[in-house]
Amino acid sequence: MTRTTHLFIPGPTNMPDVVRRAIDLPMEDMRAPDFPDFVRPLLEDLKAVFKTTTGEVFVFPSSGTGAWEAAVTNTLSVGDKVLMSRFGQFSHLWVDMCERLGLDVDVIDVPWGEGVPVADYARKLEADRTHQIKAVFVCHNETATGVCSDVAAVRRALDAVDHPALLFVDGVSSIASVEFRMDEWGVDLAVTGSQKGLMLPAGLGILAVSPKAFEKSVSGTMNRCYFDLGMMRTANAQGYFPYTPATTLLRGLRCSLDLLSSEGLGNVFARHNRIAQGVRQGIDAWGLRLCAAEPKWHSDTVSAICVPDGFDANDVIQRAYHRYGLSLGAGLSKVAGRVFRIGHLGQVSEIMALSALAGAELAMFDVGLPVEPGSGVAAAQRYFGASVREELAIAV
Ligand SMILES: *Cc1c(COP(=O)(O)O)cnc(C)c1O
């Protein structure tokens, strides 16, 4: 018998039953004459998730990392100078990719737990009078530390000095879960994947591209093949793909987009915020700290929780998994052993969040952390209860 597992990692996330049923399909002909009737509206509707009307979206059979690579190889040239910052495992990995692809990376190292250093970016952009910096990178939601950064502020820093650099955003663990406004924030390349806010299996790397970035893809000289945007655009214009698309995942994407739009994106974001606030109340009641150093950086999709000195977060994770079938996110790289993470994105509800808190406090109690059983759950319940009463008061 396979055991019930309770999945609270920040991706892959839990799949709604309707999405699971939507991908349980026989294989179909991806060159069928009516396939474009399915593909064209799908790509069009996907734009809403990025809040773009002027940009174009591209869907690759890959994970989010492939969409990172597509963004970089299509729009930049070897030796181009780019401005990046590193404050967690995902921002680190994108820096590493850019270095390996031959870019001249100016990387600002920031303590893990903080976000994009907007003031440093502004200073460097202002000093760059000859516009050597071709692109500025933002990891919107650093999943390793539970830190959400201010993308709009980076756009303001660019505009303040009329800097023409492209704005790249990793939105893998934010897009479709927290506010993201591609057009309004002047984002040129936004990246996401299917297995987080979109509540699908891993396997789609999704990219939204501004007209300015697409123009650069014509002049950029970096080698690209599988991830060639031009080739993809030509095929997509006919309603097809240049190679075999992941048809079942695309059918699932149709279903998840319909779910998101029936709930309403604003309500989806409000739900993520409410649940994250409840989880944070619980963590506070445990007497534990978040890895995120300040409230302005609190992520509504993942909480990275520091264990007290003298304890190993991996003991909590192991206990939760082996004894209770609860998957918590591990601390990655620099914060390994120091944090465990609760993912609260995608298909997530108050009751699910309470069960994650209950399981985590049980596991912490078992391995001897000084945490009062029930304390986190009670604090979150009080928060959820109060927020429901508030909603009712507004309704009357
Ligand atoms: C999950 C994640 C990625 C990597 O995506 P894969 O789908 O695993 O390739 C990149 N950036 C962030 C912020 C993520 O959370």
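Note that ligands are numbered from 1 as they come in the structure, with each ligand's atoms numbered from 1 the same way.
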Participant: Are any of the side-chain nitrogens in R123 or D120 under 4.0 Å away from the carboxylate oxygens of its partner?
Facilitator: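 Salt bridge flag = yes for D120 with R123.
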
Participant: Are F214 and V57 grouped together when hydrophobic residues (ILVMFWY) are joined by side-chain heavy atoms under 4.5 angstrom apart?
Facilitator: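 In one cluster: yes.
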
Participant: Enumerate, one pair per line, all nitrogen or oxygen atoms of ligand 1 lying under 3.5 Å from a protein nitrogen or oxygen, stating the separation to 0.1 Å; write 'none' if no such pair exists.
Facilitator:
{"unit_1": "ligand 1", "atom_1": "7 (O)", "unit_2": "S63", "atom_2": "OG", "d": "3.4"}
{"unit_1": "ligand 1", "atom_1": "7 (O)", "unit_2": "G64", "atom_2": "N", "d": "2.8"}
{"unit_1": "ligand 1", "atom_1": "7 (O)", "unit_2": "Q195", "atom_2": "NE2", "d": "2.7"}
{"unit_1": "ligand 1", "atom_1": "9 (O)", "unit_2": "S63", "atom_2": "OG", "d": "2.5"}
{"unit_1": "ligand 1", "atom_1": "9 (O)", "unit_2": "G64", "atom_2": "N", "d": "3.3"}
{"unit_1": "ligand 1", "atom_1": "9 (O)", "unit_2": "T65", "atom_2": "N", "d": "2.8"}
{"unit_1": "ligand 1", "atom_1": "9 (O)", "unit_2": "T65", "atom_2": "OG1", "d": "2.5"}
{"unit_1": "ligand 1", "atom_1": "11 (N)", "unit_2": "D170", "atom_2": "OD1", "d": "3.4"}
{"unit_1": "ligand 1", "atom_1": "11 (N)", "unit_2": "D170", "atom_2": "OD2", "d": "2.6"}
{"unit_1": "ligand 1", "atom_1": "15 (O)", "unit_2": "T143", "atom_2": "OG1", "d": "2.4"}
{"unit_1": "ligand 1", "atom_1": "15 (O)", "unit_2": "K196", "atom_2": "NZ", "d": "2.6"}

Participant: Please report the shortest heavy-atom distance between A190 and M182, naming the atom on each side.
Facilitator: CB-SD, 4.2 Å

Participant: For residues V147 and F168: do they belong to one hydrophobic cluster (side chain heavy atoms under 4.5 Å, members Ile, Leu, Val, Met, Phe, Trp, Tyr)?
Facilitator: no

Participant: Does the Lys NZ or Arg CZ of K196 fall within the cation-pi geometry relative to F90 - under 6.0 Å from the ring centre and within 45° of the axis?
Facilitator: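 Verdict for F90: a cation-pi partner in K196.
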
Participant: With distance as the sole test, does Y240 use its side chain to make a donor-acceptor pair with the main-chain N or O of A32 at under 3.5 Å?
Facilitator: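 A pair under 3.5 Å: yes.
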
